[in-house]
Amino acid sequence: MDEKDSMTPDTIPQSTPVDGTVPAGRKNRRPVVIGVAAVAAVALVAGGVCGYRAYENNRVSMARQACQSAVTDLNKAVKSYKALLGADATTAALKTDATSVKDAKTLDTLKQAAGVETPGMVKCDASDKTGLDAAAAKADKTAKGVKAAAKALESAVKAVESSKLDKTVADADGLYKATEGNVQDEKTREALKQAIAKRDAGAIAKAVKSVNDSKAAKEKADAEAKAKAEQEAQAQAAAEAAAQAQAQQSYSAPRQSYTPSYSGGSTSGGGSGSSVPDFVPSSGGYGVGSANDCDAACRAPIQH
């Protein structure tokens with residue numbers, strides 16, 4: 001018999017026991033491997049969920065911080081704008097009258113800049129990153145608007161102040177030109193000229209007062225001199241009138257009147273017998289040859 005024929009299908013290898021048990025060291029490891037893989041998968045899933053949650057929580061936390069930072073910046077901008085709106089310079093500019101500035105349009109611009117409404121506050125109360133990002137963007141945009149409004153208000157205040165200075169300089173220059181030769185102390189005008197050149201409002205105000213005081217002093221002095229001159233002229237006129245009246249009174253003293261009388265004498269030529277009147281005072285006493293009689297007689301009219 002061949003060796004092949006001697007081996008039957010029922011022949012069991014010598015390495016395998018007849019009872020079918022597996023020898024030690026060759027036990028089946030498949031169930032163990034499957035269990036470990038399952039545990040690993042579960043752990044992986046659980047770890048992934050936890051990791052995702054940690055990742056999302058971190059994103060939300062960062063978004064919230066960014067939102068709060070934007071809101072803080074907005075609060076600072078609003079606070080700065082309110083401080084500028086209540087500043088002394090702004091208050092003074094808002095009270096400026098149109099006659100005190102050279103360009104009245106600067107006042108209109110200031111009123112518009114000061115009339116900006118204060119925006120409402122933004123809250124970072126969203127629970128997700130999307131909501132927090134939206135709040136942060138709104139806060140950023142609002143803060144930029146408030147900062148722009150504050151800048152416009154500051155520029156408007158400066159424009160009004162500059163226009164006031166322009167008007168002050170123009171008025172001072174007009175006063176300088178109008179008071180030439182009309183002040184008691186010319187040094188006051190020179191000080192005003194220097195202040196105008198420097199565009200120093202304080203110095204201009206001081207110099208303007210000095211010029212006005214000097215002008216008033218000269219006007220007072222001129223008025224007093226004029227009054228004195230008028231009084232002297234009146235006194236002189238009165239004196240001249242009195243002297244003239246006295247002279248007229250002395251010339252109006254009563255004088256003796258003379259009545260001419262004629263004698264029948266004739267001229268030496270013995271002609272037609274024309275007679276020459278002999279002037280005899282009516283009171284008698286002087287002849288024609290008398291100097292006094294001649295003075296009176298010569299004034300008397302000659303009758304024919």
Side-chain angles (χ1 to χ4, degrees), residues 60-126 128-178 191-212:
V60 171
S61 178
M62 292 180 64
R64 192 178 303 280
Q65 290 178 4
C67 180
Q68 291 175 348
S69 178
V71 170
T72 299
D73 188 43
L74 171 59
N75 292 338
K76 289 181 179 179
V78 172
K79 184 177 180 180
S80 178
Y81 175 79
K82 289 183 177 180
L84 179 62
L85 187 62
D88 293 340
T90 304
T91 302
L94 288 171
K95 291 181 180 179
T96 302
D97 186 76
T99 59
S100 300
V101 293
K102 192 171 183 180
D103 185 4
K105 293 181 180 178
T106 57
L107 296 177
D108 297 334
T109 303
L110 176 61
K111 291 179 180 179
Q112 293 178 358
V116 175
E117 295 182 1
T118 304
M121 292 296 99
V122 179
K123 296 182 179 180
C124 300
D125 55 359
D128 58 353
K129 182 179 182 300
T130 301
L132 292 171
D133 288 344
K138 182 178 180 181
D140 285 336
K141 183 178 180 180
T142 306
K144 289 180 180 179
V146 174
K147 290 178 181 179
K151 186 176 181 180
L153 178 59
E154 186 176 6
S155 298
V157 170
K158 290 181 179 179
V160 170
E161 291 175 345
S162 179
S163 186
K164 286 175 64 177
L165 182 56
D166 290 341
K167 182 69 164 53
T168 299
V169 170
D171 291 346
D173 187 61
L175 177 63
Y176 174 79
K177 293 177 180 178
L192 177 59
K193 182 179 180 181
Q194 294 177 2
I196 292 173
K198 295 178 181 178
R199 290 178 63 86
D200 187 337
I204 289 176
K206 183 178 180 180
V208 165
K209 184 179 183 304
S210 297
V211 170
N212 285 331

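Worth knowing before you read on, the calculation uses all heavy atoms, side chains too, and leaves out hydrogens, waters and symmetry mates.
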Check: [X] side chain, [Y] main-chain N or O, donor-acceptor pair, under 3.5 Å:
X    : Y    : answer
S100 : T96  : no
R64  : D125 : no
S163 : A159 : no
N212 : V208 : yes
T106 : D103 : yes
T142 : K138 : yes
T91  : A87  : yes

### Message
One pair to check against salt bridge (charged side-chain N to carboxylate O under 4.0 Å, His left out): K144 and D140. What are the steps and the verdict?
### Response
CA-CA 6 Å; K144 289 180 180 179; D140 285 336; over 6 Å; no
### Query
For Q194, which residues count as a side-chain contact (heavy atoms from CB on, under 4.5 Å) partner, sequence neighbours excluded?
E190
Taking every non-hydrogen atom, the tightest pair across [X] and [Y]:
X    : Y    : value
L132 : A63  : CB-CB, 3.9 Å
V60  : K129 : CG2-N, 3.9 Å
P119 : V146 : CG-CG2, 3.4 Å
C124 : V71  : SG-CG2, 3.6 Å
A143 : A77  : O-CB, 4.1 Å
A201 : L165 : CB-CD1, 4.0 Å

Mind checking the [atom1]-[atom2] spacing from [X] to [Y]? Nearest 0.5 Å is all I need.
X    : Y    : atom1 : atom2 : result
L84  : E154 : CG    : CD    : 6.0 Å
K123 : Q68  : NZ    : CD    : 13.5 Å
E161 : T90  : CD    : OG1   : 8.0 Å
L74  : K79  : CG    : NZ    : 13.5 Å
S155 : L110 : OG    : CG    : 11.0 Å
Y176 : I196 : OH    : CD1   : 8.0 Å

### Task
Can you sort out the partners of K141 under salt bridge (Lys or Arg N to Asp or Glu O under 4.0 Å), two or more places apart, ordered by chain and number?
none
Close side-chain approach of [X] and [Y], heavy atoms under 4.5 Å:
X    : Y    : result
K102 : V169 : no
C67  : D133 : no
L192 : S210 : no

### Message
Can you confirm whether M121 is buried at CE, in the sense that more than 12 heavy atoms of other residues, nucleotides or ligands lie under 6.0 Å from that atom?
### Response
yes
### Task
Take atom CG of D88 as the centre, draw a 6.0 Å sphere, and report whether it contains more than 12 heavy atoms from other residues, nucleotides or ligands.
no
### Message
Any carboxylate oxygen within less than 4.0 angstrom of a Lys/Arg side-chain nitrogen, looking at D73 and K147?
### Response
yes
### Task
Report the C-alpha separation of D166 and R199 in whole Å, then their side-chain angles, then the decisive distance to 0.1 Å, and conclude whether the salt bridge (charged side-chain N to carboxylate O under 4.0 Å, His left out) test is met.
CA-CA 8 Å; D166 290 341; R199 290 178 63 86; 2.6 Å; yes
